[in-house]
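Any value given below was found using the heavy atoms of this structure, including those in side chains, with hydrogens, waters and symmetry copies removed.
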Number of protein chains: 2
Amino acid sequence: MKQRSSIIGSVEALPHRVASHLSREIEGGDIIPGARLPTESQLADKFGVSRNVVREAIAQLRADGMIEARQGIGAFVMAPEQRTAIRIDREALKDQRNMEQLFELRSILETESATFAAARCASDDLDAIKAALDRMGGEERWEDGSIEADLLFHRAIARATGNSYIYTFISFVCEQIRQSIHYARLTNPLHDLVEVNVAEHVRIYDALAAHDPQAAGEAMRRHIEGAAARVGVELTAKLNRGK
Amino acid sequence: MKQRSSIIGSVEALPHRVASHLSREIEGGDIIPGARLPTESQLADKFGVSRNVVREAIAQLRADGMIEARQGIGAFVMAPEQRTAIRIDREALKDQRNMEQLFELRSILETESATFAAARCASDDLDAIKAALDRMGGEERWEDGSIEADLLFHRAIARATGNSYIYTFISFVCEQIRQSIHYARLTNPLHDLVEVNVAEHVRIYDALAAHDPQAAGEAMRRHIEGAAARVGVELTAKLNRGK
DNA sequence: ATCATACGGTCATCCTACAACTGCGCAAGT
DNA sequence: ACTTGCGCAGTTGTAGGATGACCGTATGAT
């Protein structure tokens, strides 16, 4: 292939790199909503790629509602409120404060998830939750298998709410958190905390099985707080101070 | 342009149509996670478009983590849990039950949003919320201006939580709901309900201004329930029955 | 002054060619 | 028989050019 000098670095595929670059420019406010982007040809020149690559990048951003392309005129930046998709920047989660906020959101979702599930769950829902719990307890160390079972446990509860959106949102948030703390966990082994973790899950399960919404919600809230603390994220402190 | 006979219909841009078609095939389970997609050339033939269009469609799905393409091998369907984006099918919201579920999720998010905001909001946050409230009350009929102010009100509260993810998620959910009920509203004018709606918002604002988290949360919960009822969606009933 | 038309710019789509990568088979060497 | 290396076919990734569709504006005729 012809040698090209690209202004953007590293490993990812070209369209993704261009999309990320544009996305950051938009998020960062370098291009304000309503403004027109450079033409595809100009972007192709700027990034040192073909117009095809630029179009694929724009296709991604357009699917998210971040920009709107109008034939014969150009592509325009949309207001952040009218996005058609939610996407979480994995890079941003390396910042401790963002991780705190995401855990806070997770706490909200999961607490209510457990509350609703306790009120609604059927016996087969409980079976699925129990199965995940057993698998979690079966492992003697907190490693990949346990983490997988942990996710299964929380997803099974979310599914037991009977609300597919709750399930989708919780799955998504949990997955983002998992992937972000995966590498960090290696430097901070948690093997000795397995019992604590499993005990918290058992408490949640018992409340669900007893169909006690309030107890389930409370147990879940404590569990998320504990889980956050175990990866070095403090939640409760923020409630008591102003902005 | 050369005449082509496409197997897929209507108005949208080609890549979007192809992406939707593939997306539905995947969601519908026609292609199970882990399976390989047909090659780009085959898809191009199948849909009656060029390979370029197929690539743009795949670029979108890839950005969502729905499929993963590996050079030299092919494209593979990913498990739904490892999506990197949340997207809500506007079509699905025409089903009343899905709308109920989305309102339920909104209720959860907004209730906690108000609770947190009451505990944390600063004076400039309150100013922004008050401004939206005044603008809402300024209109004598519930129309576009009021709806815009309504969204502003809820977003201002979400912003006052100081949690950007809460803001993003609430903005997203509210926008999805707004766009879905926009046309339906025309057949069901709500002009006479403006006072009720504004009164509910005032109650929320008062609780926020008084920094009373519990009252704010409760007022918000009732408001969302009321708002749902006003567009023909019933929420509370579901809590009392099993799946 | 008004309206129809022409023109350039831009996105949309198509096409072809080539590069990079993978998996597999085959043949030569051990 | 086993290993190693090479090449081939298939697939995605990227480049670049050509043409159609659409928009805004300038131009010119009425």
Side-chain angles (χ1 to χ4, degrees), chain A residues 1-22 26 31 34-78, chain B residues 1-23 25-26 31 34-78:
Chain A
M1 189 187 304
K2 201 175 299 179
Q3 263 295 20
R4 279 178 157 265
S5 61
S6 173
I7 67 170
I8 34 184
S10 86
V11 286
E12 284 271 14
L14 287 182
H16 181 265
R17 274 190 272 169
V18 173
S20 298
H21 193 277
L22 288 174
I26 291 171
I31 314 178
R36 217 193 99 214
L37 261 63
T39 70
E40 296 177 348
S41 304
Q42 288 169 342
L43 288 173
D45 290 345
K46 176 182 172 187
F47 291 119
V49 300
S50 77
R51 200 169 80 92
N52 258 338
V53 171
V54 172
R55 280 193 61 78
E56 279 191 36
I58 288 181
Q60 297 175 208
L61 300 179
R62 208 157 45 137
D64 290 359
M66 194 175 297
I67 71 177
E68 180 185 12
R70 282 187 298 192
Q71 187 169 345
I73 308 181
F76 299 85
V77 178
M78 305 290 282
Chain B
M1 188 186 304
K2 199 176 299 179
Q3 263 297 19
R4 278 176 159 268
S5 63
S6 173
I7 67 170
I8 36 186
S10 88
V11 286
E12 284 271 15
L14 287 180
H16 182 265
R17 274 191 272 169
V18 173
S20 298
H21 194 276
L22 287 174
S23 174
E25 273 190 349
I26 292 171
I31 314 176
R36 216 194 97 211
L37 261 62
T39 70
E40 294 177 350
S41 304
Q42 288 170 343
L43 289 174
D45 290 345
K46 175 181 174 186
F47 291 119
V49 299
S50 77
R51 192 178 148 227
N52 237 323
V53 171
V54 172
R55 281 192 60 78
E56 280 191 35
I58 288 181
Q60 297 174 209
L61 300 179
R62 208 157 44 138
D64 290 358
M66 194 175 298
I67 69 176
E68 180 184 12
R70 283 187 297 192
Q71 187 169 345
I73 307 181
F76 299 85
V77 178
M78 305 290 281

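Rounded to an integer number of Å, the gap from B:Glu56 CD to D:dT12 P is 16 Å. Look at CG on A:Leu43: it is 12 Å from C1' on C:dT10, rounded to the nearest Å. Residue A:Ile67 contributes atom CD1, which lies 14 Å from atom C1' of C:dT10 at whole-angstrom precision. When the C1' atom of C:dG9 is taken as reference, atom CG of A:Leu37 falls 16 Å away, rounded to whole Å. Atom CZ of B:Arg55 is separated from atom C1' of C:dC14 by 15 Å (rounded to the nearest Å). The interatomic distance linking A:Arg62 (CZ) with C:dT13 (C1') rounds to 12 Å, in whole Å.
In the interface, the side chain of B:Arg51 is paired with the base of D:dG13 through a donor and an acceptor atom under 3.5 Å apart. Taking only distance into account, the side chain of A:Asn52 meets the base of D:dG16 through a donor-acceptor pair shorter than 3.5 Å.
Applying the side chain to side chain contact (heavy atoms under 4.5 Å, CB included) rule to A:Gln42 yields the partners A:Pro38, A:Thr39; only residues at least two apart in sequence or on another chain are considered. Not counting sequence neighbours, the partners of B:Asp64 by the side chain to side chain contact (heavy atoms under 4.5 Å, CB included) test are A:Asp64, A:Arg87, B:Ala85, B:Arg87. The salt bridge (charged side-chain N to carboxylate O under 4.0 Å, His left out) test applied to A:Arg70 returns no partner, not counting sequence neighbours. A:Glu68 meets the salt bridge (charged side-chain N to carboxylate O under 4.0 Å, His left out) test with no other residue; sequence neighbours excluded. Contacts of A:Arg36 classified as side chain to side chain donor-acceptor pair (under 3.5 Å), with partners at least two apart in sequence or in another chain: none.
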Find every protein N or O atom lying less than 3.5 Å from an N or O atom of nucleotides 7-11 of chain D, and list the pairs.
residue : atom : partner : partner atom : Å
D:dG10  : N2   : B:Gly72 : O            : 3.1
D:dT11  : O2   : B:Gly72 : N            : 3.3

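Closest heavy-atom contact between B:Leu61 and B:Ala19: CD2-O, 4.0 Å.
A:Ser50 has a side-chain polar atom (N or O) that falls below the 4.0 Å cut-off from OP1 or OP2 of D:dA15.
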